[in-house]
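First up is the structure itself, then whatever we jot down about it.
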2 protein chains.
Amino acid sequence: MANIGDVARAAGVSRATVSYLLSGKKRLTPETTQRIEAAIAELGFSVNSGARALATARTMTLGIVVQFHQAEFEPALATYLVAITDAAREAGYSVLLLTDADGPVAVRRAVSSRQVDGLVLLNVLEDDPRFAALTDSPVPAVLIGMPSDTRGIDAVDLDFETSATVLVDHLHEHGHTVVRFVTWPSAIYDAGHTFALRFRRAAHTRAAELGVTLLDSPCRDEPGLIREDLTRYLQQADEATALLVHNDGAVAMLPSVLHDTGLQVPQDLSVVSLHSAQLASFFALPFTAVESQARAAADLAVDVLLDRLRGSGPDGVRHVQLPPVLVDQGSVATR
Amino acid sequence: MANIGDVARAAGVSRATVSYLLSGKKRLTPETTQRIEAAIAELGFSVNSGARALATARTMTLGIVVQFHQAEFEPALATYLVAITDAAREAGYSVLLLTDADGPVAVRRAVSSRQVDGLVLLNVLEDDPRFAALTDSPVPAVLIGMPSDTRGIDAVDLDFETSATVLVDHLHEHGHTVVRFVTWPSAIYDAGHTFALRFRRAAHTRAAELGVTLLDSPCRDEPGLIREDLTRYLQQADEATALLVHNDGAVAMLPSVLHDTGLQVPQDLSVVSLHSAQLASFFALPFTAVESQARAAADLAVDVLLDRLRGSGPDGVRHVQLPPVLVDQGSVATR
DNA sequence: CTGAAAGCGCTTACAG
DNA sequence: CTGAAAGCGCTTACAG
């Protein structure tokens, strides 16, 4: 394969001149430019990325750190990966996938062998073990997720707190005062998933402010068990007039369980939910909801990280939360 | 950050000696080994991967070429990505994610800028546009998918033909002679998805051999439409006593539609299916089925690719098909 | 068993 | 506007 010397020789210039054309850092005469471009095209030359990385000390590569291996239960994961990679490519960056079961190890290896210029962390926990590997690292990172203490790391996510507020408000405005709050299995909260903790906390806070009673109703994590749990909740004779759902598995199962129990939405029961847009689309979910947009979060994360890499953007640590959009599908009745 | 020279100095040896320890290509005295190892640990040294790539002409990186952007409708995609990356890492390889909407461009760029030593192609079509970019490439590739003409490229996949045969046999053995074949939307076949074409062809061939009538019944590609299509098929008054399903969206919807139409499986209707293991697990699908295992295919693909890179393994082009496993869940009644 | 030296393919002050 | 030269951090025949 041709290297920069071959191009220089074919064009009758020095290697430096070819390099300047490639980087655009110096302006060349039109004739020189044209001769070099012709040589590049003829030889099918492209820059050896390893050599460039060595010379510039920049890899033009970002790493995505996927911490968990339950990819199967994360329908939005592929969307995140593809969206991050797309956004990175548009900025001239490649993407390395880092999936080690041991997150800190994955981070340290990529950083110390200088494989990446920056990192995107997916599936962030309140007290994430990867943080330690990041604090003494010369490589900037951005979290997709918003722990209460980000340790000085940039972070980006849907605004789960406002999302909860918006949904509780929506129910309250329609006259609902007792609401069943269908949540993730407790293991999700215990593990410290930031999206779950933030949403739950804000839902309770807002409900208290408005005098709305929230009945916590966790669903377990397998289809059969979720169905059982949901069925039990729906058949329970109590004063709950609405469901506030934050659990992708449960909301996916909900239409079928509603059907089985013969309850009509919104006549017999109102429903609002927070779930990923992927899930909504895959199941054509018919509920009024805030949909988390993996692509928007991914684009934002890459923007923030690139700002940091370029030294552009605002000073100081950045915490950016995407404003939720309520998609009203009429699944809430006025009481 | 420390480089190999810093380590050499700290250990009182030459850089070459450190390099030999790192690569294991020469045997050093225990004392030297120990001094170097101590220096490495103390300095927190690790090899600069770009520099190593430049010196060795090997990147130790594989590229995954994801061609389509409908990541949302591909629940197994994340599993493929994670599984390939895991397998690669175990062999000492990193993984670059290549998602350009223009597949051939993604391939050419990664190859010509020497970012990868090998490529894994996902979502392979019968007449895939990426093949052309591969034939004149010095970088070996493996397909996950099995076109009829692989152009000399290694390929790996579930054996969809045997899968179809096994499922048709299963129905035939239980006395079913008229079977409704619920298929993907015709666009899937028209686009040339190898898994769809191979399965359909083999199903028809086997059915013809056994004297089983297969009623082709495509489902469209949105939840609402799938439900409509399935409902219409189930209510159709004909002699079909069983369903053979090859359509992930349809099989996911099937339990609910069965419920609505009041049909009992297997009493009123027998069902067999081919779907991804991810789907089966996410929905707890209760049907006798062949489940496609993304992880198995990913492991196999990486094995084949690494054999090629090392020059090990059998000579010639390799086409490996994973034997299907029938998971009998009793959804077929004897007639 | 160990080391000096060339080379991988690029970039970038620096001099002209 | 262009080029000679040093340097990025490694590896690997080769000589000892």
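Sequence lines set the chain letters: A, B, ... in the order given, protein chains first and strands last, and positions in each chain run from 1. On a predicted model such as this, the values are computed, not experimentally measured, just so you know.
- Under the rule for a side-chain contact (heavy atoms from CB on, under 4.5 Å), the partners of A/D299 that lie at least two apart in sequence or sit in another chain are A/A87, A/R295.
- B/T194 places a side-chain N or O within donor-acceptor distance of the main-chain N or O of B/M146, the cut-off being under 3.5 Å.
- At distances below 3.5 Å, at least one donor-acceptor pair connects side-chain atoms of B/T61 with backbone N or O atoms of B/T59.
- Under the salt bridge (charged side-chain N to carboxylate O under 4.0 Å, His left out) criterion, A/R318 pairs with A/D307, not counting sequence neighbours.
- Running 5' to 3' along DNA chain C, contacts with non-hydrogen atoms of chain B at under 4.0 Å begin and end at C/dC1 to C/dG9.
- For B/R109, the salt bridge (charged side-chain N to carboxylate O under 4.0 Å, His left out) test picks out B/D100, with sequence neighbours left out.
- Contacts between residues 38-59 of chain A and DNA chain D, counted as heavy-atom distances below 4.0 Å, involve A/L54, A/A55.
- Note on residues 137-151 of chain B: pairs passing salt bridge (Lys or Arg N to Asp or Glu O under 4.0 Å), not counting sequence neighbours, are B/D127-B/R151.
- With hydrogens and angles ignored, the 3.5 Å screen pairs a side-chain donor or acceptor of B/D117 with a backbone N or O of B/M60.
- Within residues 21-29 of chain A, the residues approached by DNA chain D to less than 4.0 Å at the level of any non-hydrogen atom are A/K26, A/R27, A/L28, A/T29, in residue-number order.
- With both ends at atom P, the span from D/dC1 to D/dA5 equals 23 Å, rounded to whole Å.
- Each of A/T17 and A/M1 was matched to the nucleotide of DNA chain C holding its nearest heavy atom; the match closer to the 5' end belongs to A/M1.
- In this structure, the salt bridge (charged side-chain N to carboxylate O under 4.0 Å, His left out) partners of A/R308, at least two apart in sequence or on a different chain, are A/D154.
- Checking side-chain atoms of B/S49 against main-chain N and O of A/S113 turns up a donor-acceptor pair under 3.5 Å.
- In this structure A/D6 satisfies the salt bridge (charged side-chain N to carboxylate O under 4.0 Å, His left out) test together with A/R9, sequence neighbours excluded.
- Consecutive Watson-Crick or G-U pairing (both distances under 3.5 Å) extending over three or more pairs maps onto DNA chain C as C:1-3 with D:14-16, C:5-12 with D:5-12, C:14-16 with D:1-3.
- The minimum heavy-atom distance between B/I144 and B/Y80, with the atom names listed, is CG2-CE2, 4.0 Å.
- Here the separation of C/dG16 from C/dT12, taken at their C1' atoms, is 16 Å to the nearest Å.
- Comparing A/N3 and B/S14 by the nucleotide of DNA chain C whose heavy atom lies nearest to each, the residue mapping closer to the 5' end is B/S14.
- Applying the salt bridge (Lys or Arg N to Asp or Glu O under 4.0 Å) test to every pair with at least one member in residues 35-49 of chain B, sequence neighbours left out, gives no pairs at all.
- The side chain to side chain donor-acceptor pair (under 3.5 Å) test applied to A/R114 returns no partner, not counting sequence neighbours.
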